[in-house]
There are 2 protein chains.
Amino acid sequence: MNIIKVAFVEDNSSLRKRFEEQFEFFEDIKLVATYASGEGALSGLRKLPPSQIPDIVLMDIELPGMSGIETTIAAKELFPEAEIMMFTVFEDEVKIFHAIQAGAAGYLLKDDPIEKVVDAIRELHAGGAPMSQSIARTVLSFLREKSVGNSKVSIPAPAPVEFDLSERELELLQGLVHGETYQTLAKKLFISPHTVKTHIKNIYKKLHVHSRALAVRVALDRGLV
Amino acid sequence: MNIIKVAFVEDNSSLRKRFEEQFEFFEDIKLVATYASGEGALSGLRKLPPSQIPDIVLMDIELPGMSGIETTIAAKELFPEAEIMMFTVFEDEVKIFHAIQAGAAGYLLKDDPIEKVVDAIRELHAGGAPMSQSIARTVLSFLREKSVGNSKVSIPAPAPVEFDLSERELELLQGLVHGETYQTLAKKLFISPHTVKTHIKNIYKKLHVHSRALAVRVALDRGLV
DNA sequence: CCTTCAATACCCCAAAGGCGGTATTTCCGG
DNA sequence: CCGGAAATACCGCCTTTGGGGTATTGAAGG
């Protein structure tokens, strides 16, 4: 069996160490190099002997300085045969999109267990495109937009969803965006805090969120305010 | 002393009543008409005898149907001499801007006490441009942008403020925008919830906010994420 | 006339958040 | 080498949220 050579670009040193140790347990995978920055990775990869050039590069997407996406673009130019697997904390639609355009073929979350990481490496090396379920859904939605619109994909597009909030609920939602609490909202709108709560509960239901933070995010993203 | 004739456009009936009663106590002010909608106000105002045409129109900015701003534009065409004072629950920069462009000369908040409202009416009638302190600041910042940029004012402009968040703090802020809690954030970033708390406290300080909701708002508005 | 729905109000309760501290380690710039 | 900024961690305190209910009223629509 061919050993899969892996490089790891990650600024978090403890995570780097954790992975260096954990990869020891998998005989078919060898961590040939780790780098703490995009810049370091690019210069380091150039100096590697051909026998050590990695098959797979695990790339942290959130790197200080040169971002993981920028590094991916550069790395792909240097080693077009290497497969890049993005490695990130959050499922950011825009970043996923950019990472895919930059040439990344896989997408892992940092809290995926090591077994999942290893499986993803193997799958990627075997020509697959491993990614977490929700990321897969996101990618599908990109394709859907592409085929439906029949136009250029250009940007992720904000999605024209309708939430059907009542006038009053919109007013309440505005309050949330403005940082109001139950109490202050109640005073401003001349209603009881209980009512404010009820409205906000209903808003959450309609927006499919469970916190103010997400409600504010959705409101701003979708231009509800 | 000349009596100031005031019309009030406000969809909230209890607020309308409250004002109708409270204006009774001020001899120099007469509430000549109240309307529950922009449409109603426009048709109602047209039918008023010349002696009853208001000097001041208090206009709720958040009206169902025709908005307060649209109504303001139309009312200004009908009665260019009338002064419009916007009346709103929130200090929305964009709406303030539009209201000013629509011809409004004053800006009140709904939770201002009646005395403040009356003072504002008098000041407006005397040729002033009363507005709350924070609104005044916003207006000034518009002017500042206009004079500094020396270009067309066009849109409020997102303001190029620098918050000087550290890399880590940005990461945490992203978490907030994604609706993470202390706990989930701690797990994803491999740190203690206490640390998450500390970081978030520092972020709040740097963004000058005191809640997740506002932090998310600032993050999205200023493109920090 | 009856149903539905928005808006209003209230209860309980567990979880999360915000604020005030203190403290250690690491790293960077002067 | 020292000072300061970041990042890390912990403690306690009190308030706010979010989720589960229930219920009344008035307006809109069938």
Side-chain angles (χ1 to χ4, degrees), chain A residues 10-18 36-37 62 64-65 89 163-218, chain B residues 11-15 17 36-37 62 64-65 89 162-218:
Chain A
E10 164 66 58
D11 61 307
N12 181 317
S13 60
S14 68
L15 228 196
R16 273 206 312 279
K17 264 178 225 155
R18 203 162 65 88
S37 71
E62 292 101 355
V89 171
F163 294 103
D164 203 36
L165 295 181
S166 72
E167 288 283 338
R168 195 54 158 177
E169 285 165 349
L170 268 179
E171 203 169 359
L172 271 287
L173 183 54
Q174 270 189 40
L176 296 191
V177 172
H178 285 260
E180 307 282 346
T181 66
Y182 289 160
Q183 317 301 327
T184 60
L185 263 179
K187 279 178 195 155
K188 293 205 175 191
L189 300 177
F190 309 109
I191 57 180
S192 136
H194 298 293
T195 309
V196 174
K197 207 177 179 180
T198 305
H199 282 307
I200 291 181
K201 281 195 283 193
N202 293 332
I203 291 171
Y204 287 178
K205 274 183 199 158
K206 290 188 179 177
L207 300 191
H208 306 115
V209 299
H210 314 279
S211 71
R212 288 166 118 75
L214 279 182
V216 169
R217 201 261 183 104
V218 171
Chain B
D11 60 308
N12 181 318
S13 61
S14 69
L15 229 196
K17 265 177 222 151
S37 70
E62 291 101 355
V89 171
E162 196 47 75
F163 294 103
D164 205 35
L165 295 181
S166 71
E167 289 285 337
R168 194 54 155 178
E169 286 165 348
L170 268 179
E171 204 169 0
L172 271 287
L173 183 54
Q174 269 189 42
L176 296 191
V177 172
H178 285 259
E180 307 281 347
T181 66
Y182 288 160
Q183 316 302 326
T184 60
L185 220 30
K187 280 178 195 155
K188 293 207 176 189
L189 300 178
F190 308 108
I191 57 180
S192 134
H194 298 293
T195 309
V196 174
K197 231 178 172 179
T198 305
H199 280 309
I200 291 181
K201 280 196 286 193
N202 294 332
I203 291 171
Y204 286 176
K205 272 184 203 160
K206 290 190 179 178
L207 299 191
H208 305 113
V209 299
H210 314 278
S211 72
R212 288 166 116 75
L214 278 183
V216 169
R217 200 264 182 101
V218 171

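Order of the sequence lines sets the chain letters (A, B, ...), proteins ahead of strands, with each chain counted from 1. This is a predicted model, so every value here is computed, not measured.
- Judged by distance alone, with hydrogens and angles left aside, B:Lys197 brings no side-chain donor or acceptor close enough to the base of C:dG17 to form a pair under 3.5 Å.
- Side chain of B:Arg168, nearest nucleotide from C:dG18, C:dA9, D:dT8: D:dT8.
- At a cut-off of 3.5 angstrom, counting only N and O atoms as typed in the model, there is no donor on one side facing an acceptor on the other between the side-chain of B:Lys201 and the base of C:dG17.
- Here B:Thr195 lies in heavy-atom contact (under 4.0 Å) with a base.
- Among the nucleotides D:dA9, D:dA6, C:dC10, the one closest to any side-chain atom of A:His194 is C:dC10.
- With distances taken from any side-chain atom of B:Thr181 to the nucleotides C:dA16, D:dT17, C:dG18, the minimum falls on C:dA16.
- Spacing between atom CD of A:Glu171 and atom P of C:dA6 amounts to 16 Å, rounded to whole angstrom units.
- When all heavy atoms are compared, the tightest approach of A:Arg168 to A:Leu189 is NH2-O, 3.4 Å.
- Going from atom CG of A:Asn202 over to atom P of C:dT4 covers 17 Å, rounded to whole Å.
- Just one of B:His178, B:Glu171, B:Glu180 meets the side chain to side chain donor-acceptor pair (under 3.5 Å) condition when paired with B:Lys188; it is B:Glu180.
- Nearest nucleotide to the side chain of B:Ile191, out of C:dC19, D:dT8, D:dT17: D:dT8.
- Comparing A:Gln183 and A:His210 by the nucleotide of DNA chain D that holds the closest heavy atom to each, the one mapping nearer the 5' end is A:Gln183.
- For A:Glu167 and D:dA27, the CD to C1' distance is 15 Å, given to the nearest whole Å.
- Nearest nucleotide to the side chain of A:Ile200, out of D:dA9, D:dG18, C:dA7: D:dG18.
- A:Leu185 places its CG atom 14 Å from the P atom of C:dA7, with the value rounded to the nearest Å.
- If you take NZ of A:Lys205 and P of C:dC5, they are 13 Å apart, rounded to a whole angstrom.
- Residue A:Arg212 has its side chain nearest to D:dG18 when only D:dT16, D:dG18, D:dT8 are considered.
- Minimum heavy-atom separation, A:Ser166 to A:Lys206: N-NZ, 4.0 Å.
- Regarding B:Leu176, its CG atom lies at a distance of 15 Å from the P atom of C:dA16, rounded to whole Å.
- When all heavy atoms of B:Tyr204 and B:Ser211 are compared, the pair lying nearest together is OH-C, 3.5 Å.
- Proximity of B:Ser166 to the phosphate of D:dA7: a side-chain N or O atom is located under 4.0 Å from OP1 or OP2.
- Of all nucleotides listed (C:dG18, C:dA6, D:dA7), C:dA6 comes nearest to the side chain of A:Lys206.
- Using a 4.0 Å heavy-atom criterion, one finds that A:Ser211 contacts the sugar-phosphate atoms exclusively.
- Nearest heavy-atom pair, B:Glu169 versus B:Ile203, reported as atom, atom and distance to 0.1 Å: O-CD1, 3.3 Å.
- Dashed line: the shortest gap from a side-chain N or O of A:Tyr182 to OP1 or OP2 of D:dT15 is not under 4.0 Å.
- In this entry the distance linking CG of B:Leu214 with P of C:dG17 reads 15 Å, nearest Å.
- At D:dT8, one or more side-chain N or O atoms of B:His199 fall inside 4.0 Å of OP1 or OP2 (strictly under the cut-off).
- The side chain of A:Tyr204 contributes an N or O atom lying less than 4.0 Å from OP1 or OP2 of D:dG18.
- If you measure from atom CG of B:Leu189 to atom P of D:dA6, you get 18 Å, rounded to the nearest angstrom.
- By the 4.5 Å heavy-atom criterion applied to side chains, B:Leu214 and A:Val216 are not counted as neighbours.
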